[in-house]
Protein chains: 2
Amino acid sequence: MLVATEPALVDACSDLVMYASRLTRAIRRRHEMSAGLRVLALLDQHGPLGITQLAHLDRCSQPTMSAAVGGLVERGWLAKEPHPTDRRGSVVALTDEGSAELRRARRANGEAIAARVRERTDHTTDEVLTAVAVLRDLLETDDDEGTP
Amino acid sequence: MLVATEPALVDACSDLVMYASRLTRAIRRRHEMSAGLRVLALLDQHGPLGITQLAHLDRCSQPTMSAAVGGLVERGWLAKEPHPTDRRGSVVALTDEGSAELRRARRANGEAIAARVRERTDHTTDEVLTAVAVLRDLLETDDDEGTP
DNA sequence: CCAGGTTACATAGTGTTCCTATGCAGTCGT
DNA sequence: ACGACTGCATAGGAACACTATGTAACCTGG
């Protein structure tokens with residue numbers, strides 16, 4: 001397992017992290033990308049889940065997710081019900097309003113960024129799709145396998 | 001200017017933002033990606049700068065950058081000197097320790113992510129480079145031109 | 001040359017997001 | 001049925017970022 005990972009890949013990954021971080025900051029400032037939006041997206045993608053499962057998927061702590069869900073429930077974007085068979089647990093699901101809010105935010109962000117891509121860069125849709133695929137697959141698997 | 005941007009691009013950009021946000025969070029948790037690191041990287045890239053210039057490049061407010069620079073100076077990673085000709089201004093520069101810290105963090109992040117890419121995805125170095133290019137060019141230009 | 005506007009930065013106060021530590025009720029295995 | 005584990009809540013605190021505001025220095029027009 002001592003195959004040296006190519007330096008070019010290491011550098012690229014380092015840059016990837018840096019630019020992803022900057023993009024996230026820029027989006028938070030000029031558009032919108034709250035912690036809540038990530039939760040809505042997770043529930044949209046995976047269906048109803050418990051708090052701990054959500055925390056795991058978003059890679060945050062369980063108390064953080066509890067607080068996030070609490071806020072979203074207050075705004076009417078999530079519904080939290082007791083788990084039918086396990087009385088400790090909860091089941092959190094998107095409400096119609098939450099679903100609508102997610103669509104709205106996605107559209108707003110998507111259109112703003114897409115406009116930038118078209119007007120200020122030479123990148124094609126395929127290249128953006130490649131970027132999305134790289135990021136997605138990087139996050140796809142579970143985080144800790146072998147680091148117990 | 002009413003050319004409809006293709007829906008596929010809008011969707012891709014929306015996903016791009018979401019995944020970039022998740023990656024940033026994951027990195028912050030398991031590896032490292034503090035606000036300070038972004039500042040170090042900016043100074044490494046652009047050379048010595050004033051506080052306001054740094055804030056503009058990082059797309060944060062000037063007070064936020066003041067605080068960030070203050071912390072980094074305390075840790076010995078930045079040197080802040082009065083501007084030679086404009087006595088209001090400062091010139092912030094990387095110290096040798098700051099430079100070393102940046103290299104260390106970059107390596108740590110790069111190697112960790114690169115290992116993930118190799119072991120858990122099918123993506124090539126070229127694809128990662130494409131992703132980096134998309135993100136970089138998206139952030140390259142100034143933010144507000146036409147939104148005064 | 002000097003008032004008024006602008007610029008560079010600092011300070012104060014606040015909100016969001018995230019963490020660790022801890023407690024407690026419910027579940028499960030032996 | 002007793003101990004270990006799990007799912008969640010609460011408490012306390014740190015990092016990060018904002019707006020509003022103050023102050024000193026620079027610049028410009030009369």
Side-chain angles (χ1 to χ4, degrees), chain A residues 21-42 48-75 77-92 105 143 148, chain B residues 21-42 48-75 77-93 105 143-144 148:
Chain A
S21 169
R22 288 201 193 143
L23 179 64
T24 300
R25 284 243 0 189
I27 296 286
R28 257 151 95 123
R29 190 173 170 73
R30 305 194 68 79
H31 307 288
E32 45 188 330
M33 190 61 235
S34 54
L37 221 51
R38 286 199 311 270
V39 178
L40 298 185
L42 283 173
L49 293 169
I51 300 273
T52 300
Q53 288 173 293
L54 273 173
H56 204 78
L57 287 173
D58 198 38
R59 290 169 173 79
C60 70
S61 68
Q62 167 264 309
T64 295
M65 186 53 72
S66 282
V69 166
L72 294 170
V73 167
E74 264 186 18
R75 289 198 239 185
W77 291 342
L78 295 186
K80 183 165 127 188
E81 290 174 11
H83 192 286
T85 69
D86 184 341
R87 271 183 300 171
R88 298 167 301 179
S90 304
V91 176
V92 180
D143 224 359
Chain B
S21 169
R22 287 199 193 145
L23 179 64
T24 300
R25 282 234 3 157
I27 296 288
R28 261 171 64 148
R29 191 172 169 72
R30 303 195 68 80
H31 309 287
E32 44 190 326
M33 190 61 237
S34 53
L37 222 50
R38 287 198 312 270
V39 178
L40 298 185
L42 282 173
L49 293 169
I51 300 274
T52 302
Q53 289 172 295
L54 272 174
H56 206 253
L57 285 173
D58 198 40
R59 290 169 171 79
C60 71
S61 68
Q62 168 263 310
T64 295
M65 185 53 72
S66 283
V69 167
L72 294 170
V73 168
E74 264 186 18
R75 288 198 241 187
W77 291 342
L78 295 186
K80 184 164 126 188
E81 289 173 14
H83 191 285
T85 70
D86 185 341
R87 270 183 300 170
R88 298 167 300 179
S90 304
V91 176
V92 181
D143 224 358
D144 26 31

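In the text below, chain A, chain B and the rest are named by the order of the sequence lines, each starting its count at 1. Reckoned from all heavy atoms, side chains included, excluding hydrogens, waters and symmetry mates.
Comparing B:Thr64 and A:Leu49 by the nucleotide of DNA chain D whose heavy atom lies nearest to each, the residue mapping closer to the 5' end is A:Leu49. Residue A:Ala35 is the one, among A:Ala35 and A:Asp86, whose nearest nucleotide of DNA chain C lies closer to the 5' end (criterion: closest heavy atom).
Within the 4.0 Å cut-off from OP1 or OP2 of C:dC18, not a single side-chain nitrogen or oxygen of A:Ser61 is found. For C:dA8, the OP1/OP2 oxygens have no side-chain nitrogen or oxygen of B:Lys80 closer than 4.0 Å. Under 4.0 angstrom from either OP1 or OP2 of D:dA17 there lies at least one side-chain N or O belonging to A:Arg25. For the OP1/OP2 pair of D:dA9 and a distance below 4.0 Å, the side-chain nitrogens and oxygens of A:Ser66 include at least one atom meeting the criterion. For D:dA17, the OP1/OP2 oxygens have a side-chain nitrogen or oxygen of B:Arg38 closer than 4.0 Å.
In this structure, the side chain of A:Asp86 engages the main chain of A:Arg88 through a donor-acceptor pair within 3.5 Å. Side-chain N or O atoms of A:Arg59 include none that pairs as donor or acceptor with a backbone N or O of B:Arg22 at under 3.5 Å.
Nucleic acid contact class of A:Thr52 (heavy atoms, under 4.0 Å, all strands): sugar-phosphate only.
Between the NE2 atom of A:His56 and the P atom of C:dC19 there is a distance of 13 Å, rounded to whole Å. Atom CZ in B:Arg29 sits about 16 Å away from atom P in C:dT17, given to the nearest Å. One atom, NE2 of B:His83, and another, P of D:dC27, lie 11 Å apart when rounded to the nearest Å. For A:Arg28 and D:dC16, the CZ to C1' distance is 9 Å, given to the nearest whole Å.
Residues A:Val39 and A:Ala68 come closest through the heavy atom pair CG2-CB, 4.4 Å.
Atom CE in B:Met65 sits 5.0 Å away from atom CG in B:Leu54 (nearest 0.5 Å).
Interface remark: the B:Arg88 side chain does form a donor-acceptor pair with the C:dT7 base, using a distance-only criterion of under 3.5 Å. One donor-acceptor pair, N or O on each side, does fall under 3.5 Å between the base of D:dA9 and the side chain of A:Gln62.
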